[in-house]
Each structure stands twice: as structure tokens, then as C-alpha cells.
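A short worksheet on the structure shown next.
Along the sequence shown, residues carry numbers from 1.
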Amino acid sequence: MSTIPDDPTISFPPDEGRSWWLREALDRPEFMGDDAPALRDDTTADVVILGGGYTGLWTAYQLKRLDPGVDVVVLEQDICGGGPSGRNGGFVSSFWNELSHLSHAVGDAAALRMCQAGEESVQAIGAFCDEHDVDAWFRADGDLGVAASEVQVGAWGDLVIAAERLGLADDFEVLSDDGIRNLVDSPVFRGGVASRYGATVQPARLVRGLRRVAMELGVRIHEGTPVTRFANGSPVVAVTPSGTIRAGAGVIALNAWASHWKQFRRLITVRGSYIALTAPAPELLKEIGWTNGAGLSDYRAALHYVRTTPDGRIAFGVGGMQPNLARSIGPRFAYDEAAIRVAIADLHRMFPSFAGVPIQSAWGGPIDVAGSHLPFFGTLDGGTVHYGLGYTGNGVGPAHLGGRILANRALGRHDEVLGLAIVDAEPMRFPPEPIRSPGALIANHAIRHKDELEDRGEQPNPIVDFVARLPRRLGYNLGP
Ligand SMILES: Cc1cc2nc3c(=O)[nH]c(=O)nc-3n(C[C@H](O)[C@H](O)[C@H](O)COP(=O)(O)OP(=O)(O)OC[C@H]3O[C@@H](n4cnc5c(N)ncnc54)[C@H](O)[C@@H]3O)c2cc1C
């Protein structure tokens, strides 16, 4: 159903294993950092954290800030940042784009508290980089939402109305065709909205910088250490191929990999997101007027997210892809040629002057999609194991907030963020197998096909339109 461009003139490098961001970071000693050898013995800890991405590492960092004496161990199957925390687009956001949905779901006051707590985290990430000399290219230049086809025009209406009602009208400026093209010129842009909120980072420098600081604070990190069995209890027991940890508390920070765990299987579904990175072309960026660090995204259901780098590249991302039934996280989530072709064709459609610029690198990663489109944090029965996942492709900023939530939970401390609507709420459930995976695949194809047709100014037929809208009709905050 979906049209994968197989234009032979589109060329791109093969799978390089790691994202360009991570390779760029690891070339520098300050981001390569000290060794974090695999666990070799049985040991104990106060808190054991599963997963060495932003959620795990922010939790570890905040645990040490709250109580320097606490003994924290992080177990990571790969290296810290080998997963999405070192592969993402680097958009650092709060929940402002969800303002209208949140207001309906939890009321204005709780919605505002969420957005403001998320915003504090965006600022705190910048402050962390300053305080600890982490040069993660943090730039708080705001965020652009653009209509990249006729049907997307006005998609920002609910956000703008909610912002006006809540006295935040000045924070979101609606832009005409010319207004948006004066900021970033693309022949397909049809107006948009500029938000004063939002930042960008070099994502792998951030996660590797966080790793360095956590280690300096005394966090014990074991890379190359997959947790193969885990027992929720007192103590919590994490078993790895070469050692077992017994701890007073456990934190599950496994992102999409949590979908392999029985407790979480129906709470998230996995999608792929893919990025194509151009070679530097600063003169072309100047020609289209894109000279600040603001990231932009459009209003497709499977959205495009696009940002620049200080040396004049475009990183062009396409979300909401499903390379297969997605029952487990296989290699196609890290690199999928068909998805990368889509990203490159869409890049050239949006920025035709970049058609002659080589694609220097391309990669992907898995996304932990929650039915509400929001992360959720909670504690398993027994009270010793805490979890945070479901970022739905928006975890760079929110994982800092997640770390604050999980660290306070693990220490039994009070913090106002424990009262947010994303803590201890019952997450929406996806249907059980065997319905779930094929159903999600069919809906995903329809959503992408509808997006592609609408990008070309065509209408989807009623069946495609119906299937694409099915997840939302069933109550999920997903799809068109
Ligand atoms: C291509 C792409 C683009 C994205 N763009 C953006 C963006 O621009 N802005 C944004 O906000 N979000 C974006 N995201 C989402 C964002 O990257 C994630 O929400 C965020 O990184 C989540 O952090 P995490 O620590 O929860 O997960 P991860 O970074 O995935 O960390 C989880 C870790 O757990 C490890 N692990 C898994 N199983 C085991 C096991 N059994 N034992 C030990 N370790 C294990 C994994 O190796 C992984 O390192 C993007 C994601 C992708 C894939």
C-alpha cells in the first residue's frame, strides 16, 4: 500500500552500527570517558538501574544529588547512548504540543503543571551542561511547527486556542506562509506556529556527558551487561550473564525494550524512527534563511522532524514507521533501508536545494509508543521497583523529569513532580496478541499512506482514511 521511493539516484551509506551523533561524540576523549566494564561478580547496591540511556542516567545523577551516599549501579546491555538516547533528533521539548489534549484529559491546572515541569527540565538540561562543562550544543532557540501540505494548515489551532485561554498567547506566534518562509524557506511550507519553548542538543554528547558526570559522582556503570532475569521483591534481583546484583530498589529504564517484558507488553507498542544526515552545506542553509538552532516539525501523523547542526548539516527525521510486526526489537529498528529512502525523498521534497548534497549517514531507533502519547511512571506491586517509559518519541527533555520522579520514588522522598498526571496513572492498554501486532501494522500502513498522499495533494480513499483514523476512534491519542 505504501509507496517506498526506489529512485536509484538516492544513495546513502550502509549501516554504520552507531549513529553519526554517537561516533562524533566517541571521537572525543571527554565523551568516550573512562571504561565501564561488564559486571563480573555478584554484588549489592542500594539502587540498581536497568538501562543506560537518559532515563537511567538522569535517575542515577539525581539520586546522587539527593543523597551522595546512596550506592547506585547502572546496567546497560550495550554502551550508554547505544540506544535511542544516542540516536535521536536532539529536540529537547516539554509537553506544550500536548497542551490542548492534556487540558481535556486532566484539566487546565494539571496540564499547565505538566508543561511547566517539562519546561523546567529543558532549562535544567542547559544548566547541567553549563555546570559540568558538557558541550552538547545546547541551544534554546524555540521550536517551529509547520504545515508542509495543504491539509496540515491550521493543525496548530487547538494549541493556540488552549494557550490563549491559559494566558500564554504570547508564547506561540501563528505565522503566515511568508512568515514561516522568512524563517526557513521551503516551497512546501504553508504557515505554521513559532513556539518560544524548545531547545536542541547533540543527543549523544548529552548522554555521554551525563555518563561522565554520573561516574564522577560515584555511580557504578556496567556496560555490555544485559539483564537476563529480574525479580521484583525485597531485595530486587538483577541477573546478568556474569554476575547478579541484589538491591534495595530497582528502576526500569528500558524504553522500547520493556515491550519484551510481560508487565509492560500491553502498555507500549514499538515504532521505528529514522534519520538521514546531510554533509555540511552552510551556504545552502543560509540561502533558505535557516541560521538559528530552532528545530522544526510538521503535522503529519508520522511526523517529520528536522534540525540543523552548527557545521551546517540538516538532520531529517521521519517518525511513526513500522518495519515489521514489531513483536521484538530487531536490527531493522536500527537501520532500515526502505525507511531511510523515505526520509531522504521527503528531505528533498521539503528542501529541493539539498538534493545535490550527499547523505553522509543514516540510522534509526525504536520508539516506545504509549496509547496516551505521554510517558508514564509508576511502581510495581511490592513497592521496590519503579519504572518510566512510553515517551512516544519525545523523551530527550521528559527523561530528565523522569529521572527526578524515579530518583525521588526510589529514595521514598517527596517532590511535587510525584503529583503530576503522568505518575501512577493507569496507562492505556493495547489489545492482546494475536490482534495487536497485525492490527498495528495495518493501521500504520494506512496512516503512512494517507500522509504520503496528502503530501502530494491527493485524497486517501475512504477505506484508507477509515483505517488510519481507527486508533483515535478507539480512544488512543495516536494517528490522524
Ligand atoms: C531516531 C529517533 C529520533 C528521536 N528523536 C527525538 C527527538 O528529537 N526528541 C525527543 O525528545 N525524543 C526523540 N526520540 C526519543 C528519545 O530518543 C527517547 O525517548 C529517549 O532517548 C528515551 O531515553 P531512555 O533512557 O528511556 O531510553 P534508551 O535511550 O533507549 O535507553 C534504554 C537502554 O536500555 C538498554 N537495555 C535494553 N534492554 C536491556 C537489558 N535487558 N539489560 C540492560 N540494558 C538494556 C538499551 O540498550 C538502551 O541503551 C527519538 C528516538 C529515535 C529512535
Side-chain angles (χ1 to χ4, degrees), residues 1-12 89 145-156 180 184 186-192 269-276 278 296-306 314-326 332-333 335-352 354-355 359 362-367 369 373 392-393 438-473 476 478-480:
M1 194 195 281
S2 172
T3 47
I4 303 291
D6 58 358
D7 179 347
T9 64
I10 294 181
S11 66
F12 47 90
V146 300
S149 70
E150 226 37 69
V151 291
Q152 294 175 24
V153 174
W156 45 85
I180 189 80
V184 182
S186 159
V188 302
F189 288 174
R190 303 273 178 277
T269 182
V270 183
R271 292 282 173 282
S273 197
Y274 299 87
I275 294 178
T278 70
L296 73 83
S297 48
D298 64 12
Y299 289 94
R300 298 194 340 163
L303 94 168
H304 294 121
Y305 51 96
V306 197
I314 288 183
F316 191 96
V318 54
M321 309 291 274
Q322 190 172 347
N324 50 37
L325 279 175
R332 284 182 67 190
F333 281 99
Y335 188 88
D336 181 64
E337 194 179 307
I340 289 163
R341 280 184 182 283
V342 169
I344 297 169
D346 291 352
L347 159 71
H348 293 164
R349 177 181 155 272
M350 199 176 273
F351 297 111
F354 274 74
I359 299 299
W363 64 91
I367 301 282
V369 176
H373 214 267
T392 320
L441 189 60
I442 292 166
N444 184 260
H445 274 283
I447 289 169
R448 283 173 39 208
H449 191 49
K450 179 170 151 64
D451 279 341
E452 286 161 12
L453 289 170
E454 289 175 346
D455 280 356
R456 297 200 295 264
E458 296 169 31
Q459 292 274 332
N461 73 42
I463 296 173
V464 170
D465 194 64
F466 177 82
V467 178
R469 292 181 192 278
L470 213 47
R472 194 162 291 278
R473 285 208 175 98
Y476 299 103
L478 301 172

Requested in this report: Name all residues meeting the side chain to side chain contact (heavy atoms under 4.5 Å, CB included) criterion together with Ala443; count only those two or more places apart in sequence or in a different chain, and write none if there are none.
Outcome: Pro471

Query raised in the report: Taking only residues two or more places apart in sequence or in another chain, which ones pass salt bridge (Lys or Arg N to Asp or Glu O under 4.0 Å) with Asp298?
Result: none

Query raised in the report: Can you name the side chain to side chain contact (heavy atoms under 4.5 Å, CB included) partners of Pro438, sequence neighbours left out?
Result: Leu325, Arg327, Glu433

Query - Non-neighbouring partners of Phe316 that pass ring-ring contact (aromatic ring centres under 6.0 Å, His included), sequence neighbours left out - result: His304

Report task. Enter the distance from Thr392:OG1 to Leu478:CG here, rounded to the nearest 0.5 Å. Result -> 7.0 Å

Requested in this report: Kindly write out the residues that satisfy side-chain hydrogen bond (donor to acceptor under 3.5 Å, both in side chains) with Asn461, not counting sequence neighbours, or none if the list is empty.
Outcome: none

Report task. Please tell me if the side chains of Leu347 and Ile359 come closer than 4.5 Å, counting only heavy atoms from C-beta onward. Result -> yes

Query - Residues that Phe354 engages under ring-ring contact (aromatic ring centres under 6.0 Å, His included), provided they are two or more places apart - result: none

Query raised in the report: Are any side-chain N or O atoms of Arg271 and backbone N or O atoms of Gly393, one a donor and one an acceptor, separated by less than 3.5 Å?
Result: no

Report summary line: Across all chains, not counting sequence neighbours, the side-chain hydrogen bond (donor to acceptor under 3.5 Å, both in side chains) partners of Asp451 are none

Requested in this report: Could you tell me whether a side-chain N or O of Arg472 sits under 3.5 Å from a main-chain N or O of Gly479, the two making a donor and an acceptor?
Outcome: yes

Report task. Check side-chain hydrogen bond (donor to acceptor under 3.5 Å, both in side chains) between Ser273 and all other residues, then give those that pass, not counting sequence neighbours. Result -> Tyr305

Requested in this report: Quick one: list whatever passes ring-ring contact (aromatic ring centres under 6.0 Å, His included) with Tyr299, sequence neighbours left out.
Outcome: Trp156

Query raised in the report: Does Gln152 reach the side chain of Asp455, with side-chain heavy atoms less than 4.5 Å apart?
Result: yes

Report task. Kindly compute the distance separating CZ (Arg300) from CZ (Arg448), expressed to the nearest 0.5 Å. Result -> 9.0 Å

Query raised in the report: Are side-chain heavy atoms of Tyr274 and Ile344 found at a separation under 4.5 Å?
Result: no

**Report entry** Counterpart residues, side chain to side chain contact (heavy atoms under 4.5 Å, CB included), relative to Glu458 (two or more places apart)
**Finding:** Leu453, Arg456

Report task. Take Met321 and Asp336 through the side chain to side chain contact (heavy atoms under 4.5 Å, CB included) test and state the conclusion after the steps. Result -> CA-CA 10 Å; Met321 309 291 274; Asp336 181 64; over 6 Å; no

**Report entry** Partner set under side-chain hydrogen bond (donor to acceptor under 3.5 Å, both in side chains) for His348, not counting sequence neighbours
**Finding:** none

Query raised in the report: How many angstroms lie between atom CG of Leu296 and atom CE of Met350, to the nearest 0.5 angstrom?
Result: 6.5 Å

Query raised in the report: Between the side chain of Thr269 and the main-chain N/O of Val369, is any donor-acceptor distance below 3.5 Å?
Result: no

Report task. Return the set of residues passing side chain to side chain contact (heavy atoms under 4.5 Å, CB included) with Val151 (not counting sequence neighbours), or none when no residue passes. Result -> Ser149, Glu454

Query raised in the report: For Lys450, does its backbone N or O pair with a side-chain atom of Asp465 as donor and acceptor, under 3.5 Å?
Result: no

Query raised in the report: Phe351 versus Val306: any side-chain heavy-atom pair under 4.5 Å?
Result: yes

